[in-house]
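Order of the sequence lines sets the chain letters (A, B, ...), proteins ahead of strands, with each chain counted from 1.
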Amino acid sequence: MYYDLYNYWMVIILMMIGLYIVIKPSNLIKKLIGLNIFQTSVFIFYISVGKVSEGTAPIFSSTHSVYSNPLPHVLILTAIVVGIATMALALALVVRIKSAYGTVEDDELQEQDH
Amino acid sequence: MLDHLPILQVIVPLLAAPACLLLNNARLAWLFACLAGLISLVISVALLVQVQQSGVISYMLGSWEAPWGIEYRIDLLSAYVLLIISSLGTIVLLAANTGIRQEIAADKQSLFYVLYLLCMAGLLGIVATGDIFNVFVFLEISSLATYALVAFGRDRRALLAAYQYLIVGTIGATFLLIGIGLLYSMTGTLNIEDMANRLPVDTNSGTVYTAFIFMIVGIGLKLALFPLHLWLPNTYTYAPSIVTAFLAATATKVAIYLLIRVQFSIFGADFGGELIQPIFIVLGLLGVFVASTVAIKQSNIKRLFAYSSVAQIGYMIIGIGIGTSLSLQGTLLHLFNHALMKGALFLALAAVVYRIGSTDRTCFNGLAKHMPWTMAAIVIAGLSLIGVPLTVGFISKWYLVLASIDSGMWPVALLIVLGSLLAVYYVWALVESAYFGKADASATSSAPIKEAPLGLLIPLWLLVIANVYFGIDTRLPLEASASAASFLMGGGQ
Amino acid sequence: MVVTALAIVRVSDLFAAVMLSGIYGLLSASFFVALDAVDVAFTEAAVGAGIFPLLMMLVLGVTGRYEKTKLVPIKADVVKKLALVLALLVTGALLVFGTLDMPIFGAADAPAQQHVNIRYIQQSPTEIGIPNMVTSVLASYRGYDTFGEVLVIFTAAMGVLALFSSQLFSQVTASKNKAKNEMHEHNVLRIVSKMLIPFILLFAFYVQFHGEYGPGGGFQAGVIFAAGIILYTMLYGLDKARQVIKPTVLRVLCALGVFIYGTTGVVSMLAGGNFLDYSVLANDPVIGQHLGILVIELGVGITIAAGMILIFFAFSQQAETQLGEQ
């Protein structure tokens, strides 16, 4: 039975790797890459919830009768857009931080303000 | 048109935002934004009246009935919070024209109003909706707008604060998303009410517990729930003062609302009761004491009040933790009252920044002579923060104390009163230096400091008067919060 | 995918990390295809392996390519790291615990597949009249979420504009950095791309209007269209691109898309329905739905394309000025 859940577990491993990159003190850009991994893994989790065995893509056709669940797909489409919007704003902040501080390393930034 | 009030509440400011962009003139944009704000204020009053008379309003977007489409659902609680956001948001907006003149470059000001309206509409959307995924979408609209608003701050540390807030906020939102996903996999629905009905509570499902924890932690990050509050002081300190006033008065309130919604409307008042209630009480108390103590040590007054906000959030969490109808009423009252007093305090600080350009403690020495109205406002709002009778702050503390005694939690009641003493300490220190302190010789040598302009003073005193008025004539918030609290406890659905 | 993610943890060359995250995006896109989510895969490929690495690279051009690594690991850091790993393990364990009670992967009788979903699958082809159920749910049943999504992009574009200098909108600065970013030496590349760009834009229109039948729709079309313009910008420089599409026009378009969407909602309100109820837009509800979806998808496409291009322009403008200063 647990074998059937392994898909979710892989997602959890990805989530934790992403979260690790985000929280670990490092380069601001690298944190964003981590955030991206974290978010994408959540997307995979949602899509996995919607999968139906033997199902096909939820586009109506006369040859198929079993479809995967379209709702998680819709939610994740929205979430991807939200994700890239967040990234764009975050990168803009990073560019401004670079011009204000001259660095994008977490620890060097902390030092400059104290 | 009356049928459409729930959606108009949100889309009026939402569509006013791109319109402001097209105006491309700061002054026009401001007037237009104020107009949109006033309209949404009127709508929220009408909604509250409507809910009180005829019960829950449900509005189906796209006319698809509830679990299939997205539902807007206005009950007493959401109508109450909508009123808080739209009134405070609008009053702060009135002050914005003057308030941002010194802090934001002229060519960015119309963008400021665009983002402000988006943020406000996002917050309203979170409260009005009855669909949990829609909450996430509007949460992100308001959050993205907030990050940009914070980054408007003149100090370069505002950029770093905005970045940190963005990282924390996004992690919080993603946690919420994980929780939503887990719940969806167990119930097959996203509608809050439908979800509550379908939740298999009796089976003690681990998935549901995990979803609960992830949602609470995610909201806790947004809420600055102690010990997840680390982003808040920097954000509040370095954001433009108007933005701080707006955020302090509305954003954390919406997070509290969301917490109440998730706890009471989705999972039910009793879910995880024995486990989560003591945790909330302990975290709340810790928040009150640690944050108040840190606040005393701050030399930047804006930062001081930022920490004080963390402490006040602690009080609200205690109310949720005690978990009786009375304590919940205390929390809801404090929601309203804290919005009033922190709105007033941060607007007063905006006035100080406008004239002096800093909120460092030393700047306040002898300031009462130069800015009597501003300082008087700080005194009254400060008294309210402490919880002195005849101000709103008293009412909510009183209910929280009553509720804890009522539930037999004497120590909690005692600690709430003790926590207020800490507030006395830091407010008094400020008042003392403003009224009895001597200004530095170097500061007085330059041009004399004038009282803040009317554009700031009028909205500020509107809030100050509200602080006193609702402290004496307590009917409106008492009635609204009492019925909202009993509504939540009575099954909540 | 786990391997790629782990590689990103280790590598300190940020350029490589960005490339790896592009691969990661592509891998997850193919994973989505395997899970029947073609629409999502399309979007993830465009965003995760397209727009995201592109923006990243622009930023790296400004901030520098390498992450600084400490030569001597400090003891406090090691303790912190351990605490962090521990916290993550607890979180991960909690999630694993959470999945234990979940319906097994792919089960057709799971609650998620049973409740709301059934109507989407069985009724939407007749209620809405279009075969792509994802589009039906996205644009009609949950059309308000999509409105929110458009606003998210709008907010982000406004945020980016607020952060960067408003030089982008002034005409004067244009000629100064001329010829800097142009790829004069890559003639083959220029010609091939020049031939490609019209097709990319054409493809965008196809995706825009084909979304009802196959995977695609306003969002994907917007991204593809933006990609075409971005390619043009990379080849001919920002100044030329700004002459083709004026940033001020983009700003108006970005707001216009939101208006198109919002107005559709308001019109359906005036026609007697609720907000975004397309059925009242025509005598026959199904035709009304068709019409509504067509219009709002257009709004989505316009805002997304204009927003993305605007964000990209703002970034390259800022990169030019900042590099000029250094």
Seminar exercise, completed: Shortest non-hydrogen pair, A/Phe45 vs B/Leu182, comes out as CZ-CD2, 3.7 Å
Exercise. Any side-chain heavy atom of A/Leu35 within less than 4.5 Å of one from B/Ile171?
Worked result: yes
Problem set entry | B/Ile180 side chain near A/Leu75 side chain, heavy-atom distance below 4.5 Å | no
Problem set entry | Interface moiety of A/Leu19 toward chain B, non-hydrogen atoms closer than 4.5 Å | side chain
Seminar exercise, completed: So, the part of B/Tyr163 with a heavy atom under 4.5 Å from chain A: the answer is both
Seminar exercise, completed: Closest non-hydrogen atoms of B/Leu144 and A/Ala85, given as atom of the first, atom of the second and distance, are CD1-CB, 3.9 Å
Exercise. What are the residues of residues 134-142 of chain B, in order of number, with any heavy atom under 4.5 angstrom from a heavy atom of chain A?
Worked result: B/Phe136, B/Val137, B/Glu140
Problem set entry | Pairwise distance CG(A/Leu28) to CG(B/Leu160) - rounded to 0.5 angstrom | 7.0 Å
Exercise. Can you find a pair of side-chain heavy atoms, one from A/Asn69 and one from B/Tyr184, that are under 4.5 Å apart?
Worked result: yes
Exercise. Looking only at heavy atoms, which two atoms of B/Ala148 and A/Leu89 are closest? And how far apart?
Worked result: N-CD2, 4.4 Å
For this session: Please state whether the side chain, the backbone, both or neither of B/Leu166 comes within less than 4.5 Å of a heavy atom of chain A.
Result: side chain
Exercise. Of the backbone (N, CA, C, O) and the side chain (C-beta and beyond), which part of A/Thr78 lies under 4.5 Å from a heavy atom of chain B, both, or neither?
Worked result: side chain
Exercise. Got a second to check how far A/Phe38's CZ is from B/Thr170's OG1, nearest 0.5 Å?
Worked result: 10.0 Å
Exercise. Given a strict heavy-atom distance threshold of 4.5 Å, which part of A/Ile97 is in contact with chain B: side chain, backbone, both, or neither?
Worked result: both
Exercise. Do the side chains of A/Leu32 and B/Ile167 get nearer than 4.5 Å, heavy atoms only?
Worked result: yes
Problem set entry | Contact winner vs chain B - A/Val42, A/Val94, A/Val81, heavy-atom pairs under 4.5 Å | A/Val42
Exercise. Does the side chain of A/Gln39 reach to within under 4.5 Å of the side chain of B/Leu177, using non-hydrogen atoms?
Worked result: no
